[in-house]
Amino acid sequence: MKEREYNRSFATRLSRWVILVLLIMMGGMSVLLYELIESALVETSANSLRGGMRSSDRAINNVMSDVSVAVKNNLFDIERHLKEPDQMQAIVERIVTQNPRIRGCGISFIDNYYPQKGRWFCPYAWRNDSMQVEVRQLGGANYDYLNTGWFKDVTARDSAFWSDPFFDGQDAKTSLVAYLYPIHDVQGGVVAVLGADFSLDFMTQIIQEQDSIIEKGNWAIPGLLQSFVLSRNGMYITHPDHRRIQKGNFFIHVKDVDEAGVAEKFINEIKECKKSADETEHVVMVNRKESYLFYSPVTGTDWMLMVTVSKFGIDFFAVVVGIILLSVIIVVLMVTFFVCFLTIKRTTMPLKLLADTADKVAQGEFDTLLPTVKHRDEICQLRDSFENMQHSLTEYIENLKQTTSAKASIENELKIAHGIQMSMLPKTYPAFPSRDDIDIFGQVTPAKAVGGDLYDFFIRDEKLYFCIGDVSGKGVPASLVMAVTRSLFRNIAAHTMEPQKMVMGINESLSDNNETSMFVTLFVGVIDLATGSLDYCNAGHDMPLLLTDGEVSLLPCDPNIPAGVMPGWEYTCQQVQLKRGTTIFLYTDGLNEAEDINHNQFEMDRVMETAKAAGNNPQELIAAMNAAVAQFVGEAEQSDDLTMFAIQRK
């Protein structure tokens, strides 16, 4: 009993508050000192890495400059012998032979430039594994370079540029990049593209050598330093883990592991760094959860050189100082606590009587008489405050009744908003009872009263137009963006049959004055009901499932960004043929990311297993998904909006 009274006494609690204030003050000073030490270490590492990245940048630029100069030095010879097609083979062979950095070189001529050579003519020379130069004619029906993106870009822009990295067509393993330059005839027209490619393995070697130098001459612990190069889209060009090269995407990885909103800001900072006027000198440090990241543009390209360093390597000395300070603080606080307790206990003895009387007031006896305090000090003021509290509590209870009524009114308005939002989405099934060639079913389950998921469809000119989307965030703001997106889809689809143009129009509208930085992932498709041809455009949305002949597969989708992120983005359109009986199943991430009470996610494997077991009927498929998710989630609260939408070509 005495121990309980001791823990509940005002003297004890006040002493604890004094200690807490001292703890905060001393802790603040410790944090400040820690930050100063950490800042000094970070600045030291930044200076070291800045020099290392400059050295790497110069080495990389020298090699790329050698290749571009080799290409330019042979332009005159090529254009001088344009009327002699047989000379082209000797020229590309000479370029590869004289330039050991170049792995392969080719001249790709425009359609039927040499009638006697056929439609395609592309003399190509390359260095094989034995370092011997081989030559052959590369163009043909099996390799239609005339329709490749790089050929069209060079001939259309009439300017030289570095291509995106690609794998060598000879061994499908070596990562290459090509310098492409337009060839002109005497009239100044583009008649061919000269391309020279080289292996990016040299970049990995340069970066590894520089990392070794930094680790030997700096505080970094060996093995904690990691460097790599990214393309403009975040794809790994080089990486210590070769499995990620041209396959992994750093931007997607950041979004997957970082907190909501932080990843987008971080990626935008990287893109701003690419646009810096002083790209070589500009080094930015971003504090990640476990690592510090330094990055700088590669001169003459839109690539980004990045270096990550473990926080442990930088914070090691600061942590040691922090432990010492913490030990001193604990000893000082223990002494201070006992001194404060004894002093305060003697001063606050009159408070006990007031506390006993106040307990009755706390139990609802507002008319209880408070004790009389003789001294006009702070305790007397406290007694008067309790008396005022008695009167205030009566008024507060009355106000609480009014507040409760107002809250009920707000909840009623949210129910009305939910009804309005649901009325905007299709809810009558079967959607087209007069048709026997299509079966559709969809369902939206918001995480809150209103949500940000949407889907819509309609038929015009024997074509089914449909979309599904997921607005970033939840609640009322997301529901407003959802309503705008659905209206934009309807309005834009009334004027075009091309899904990518619909998404471009939505993207431009949402990006304009987007001060809240909200965006929406979209999948827009158009099915020709007569032929079963599906044209579609994916804007950062989860890939739909195709259910055909008892098999389930993911529909391949280009990695376009969500709508509302960046104005002017060129979205791509893809096409696939739907066999009769095929069902396309679309959903938002509320399905595959549904969590149980242990925060385990439903994941795509369960989605595909459930879809395969459910069959192709849209309504039965969605019902099976609902049952599977409910069983998996159990008593866990729904964390995100869940939308499912299925279309079967019967």
Side-chain angles (χ1 to χ4, degrees), residues 424-427 429 431-432 438-446 451-459 463-471 482 485-486 489-490 493 499-500 502-503 506 520-527 529 532-548 551-560 562-563 571 573-578 581-594 602-604 606-612 614-626 628-629 640-650:
M424 297 176 64
L425 302 176
K427 58 181 179 298
Y429 298 101
F432 306 105
I438 197 78
D439 190 9
I440 301 175
F441 190 78
Q443 177 182 293
V444 175
T445 307
D453 282 3
L454 71 138
Y455 75 94
D456 197 8
F457 59 87
F458 63 89
I459 292 178
K463 289 182 172 58
L464 174 65
Y465 297 73
F466 66 92
C467 74
I468 188 171
D470 185 359
V471 180
M482 167 265 181
T485 304
R486 187 260 184 185
F489 167 71
R490 283 274 177 163
Q500 76 277 18
M502 302 178 200
V503 178
I506 295 173
V520 54
T521 65
L522 278 174
F523 184 94
V524 177
V526 178
I527 300 177
L529 298 177
S533 175
L534 167 62
D535 294 329
Y536 62 94
C537 175
N538 186 295
H541 198 76
D542 294 282
M543 291 187 290
L545 299 183
L546 285 181
L547 287 72
T548 305
E551 297 296 327
V552 180
S553 62
L554 289 170
L555 180 65
C557 294
D558 293 339
N560 293 310
Y571 289 89
C573 180
Q574 297 173 265
Q575 188 180 72
V576 69
Q577 186 70 27
L578 300 179
T582 297
T583 296
I584 177 172
F585 176 64
L586 305 102
Y587 55 92
T588 60
D589 57 10
L591 176 61
N592 54 300
E593 295 180 6
F602 193 64
E603 297 183 345
M604 281 305 301
R606 293 186 179 90
V607 174
M608 298 184 74
E609 290 174 3
T610 304
K612 186 173 183 179
N616 290 19
N617 182 272
Q619 187 168 358
E620 294 177 358
L621 172 59
I622 292 177
M625 285 293 176
N626 279 324
V629 171
D640 197 2
D641 302 333
L642 171 59
T643 297
M644 293 179 286
F645 177 38
I647 304 171
Q648 181 184 26
R649 186 184 180 222
K650 299 176 67 175

Set of residues satisfying side-chain hydrogen bond (donor to acceptor under 3.5 Å, both in side chains) with respect to [X], sequence neighbours excluded:
X      : value
Gln575 : Ser533, Asp535
Thr548 : Thr582
Thr521 : His541

What are the two closest non-hydrogen atoms of [X] and [Y], and how far apart are they?
X      : Y      : value
Tyr465 : Met502 : CD2-CE, 3.6 Å
Gly442 : Tyr429 : N-OH, 3.2 Å
Phe602 : Arg606 : O-NH1, 3.0 Å
Asn616 : Gly581 : ND2-O, 2.7 Å
Leu534 : Gly525 : CD1-CA, 4.2 Å
Asp558 : Gln574 : N-OE1, 2.7 Å

So, do [X] and [Y] sit near enough that their side-chain heavy atoms are less than 4.5 Å apart?
X      : Y      : result
Asp439 : Asn617 : yes
Val629 : Leu591 : yes
Cys467 : Pro499 : no
Lys612 : Glu551 : yes

[X]: which residues meet the side chain to side chain contact (heavy atoms under 4.5 Å, CB included) condition with it, sequence neighbours left out?
X      : result
Ala623 : none
Asp542 : Tyr587, Asp589, Asn592
Ala611 : Leu545, Leu547, Val552, Leu621, Met625
Ala563 : Ile506, Asn507, Leu510, Val520, Leu522, Tyr571

Say you draw a straight line from [atom1] of [X] to [atom2] of [Y]; how long is it, rounded to the nearest 0.5 Å?
X      : Y      : atom1 : atom2 : answer
Phe432 : Phe458 : CZ    : CZ    : 9.5 Å
Ile622 : Gln443 : CD1   : CD    : 6.5 Å
Gln577 : Ile527 : CD    : CD1   : 10.5 Å
Leu546 : Leu555 : CG    : CG    : 5.0 Å

>> Whether the side chain of Tyr455 engages the backbone of Phe466 through a donor-acceptor N/O pair (distance < 3.5 Å, no angle test) should be reported.
In response: no
>> Suppose we screen for ring-ring contact (aromatic ring centres under 6.0 Å, His included). Which residues come up paired with Phe523, at least two apart in sequence or across chains?
In response: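 Once residues adjacent in sequence are excluded, the partners of Phe523 under the ring-ring contact (aromatic ring centres under 6.0 Å, His included) criterion are Tyr536.
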Acceptor/donor pairs from residues 642-650 side chains to any protein atom, 3.5 angstrom cut, sequence neighbours excluded:
| residue | atom | partner | partner atom | Å |
| --- | --- | --- | --- | --- |
| Thr643 | OG1 | Asp453 | OD2 | 3.0 |
| Arg649 | NH1 | Leu578 | O | 2.8 |

>> Could you tell me if Asn560 and Gln500 have a donor-acceptor pair between their side chains, going purely by distance under 3.5 Å?
In response: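 Not at all, the side chains of Gln500 and Asn560 share no donor-acceptor pair under 3.5 Å.
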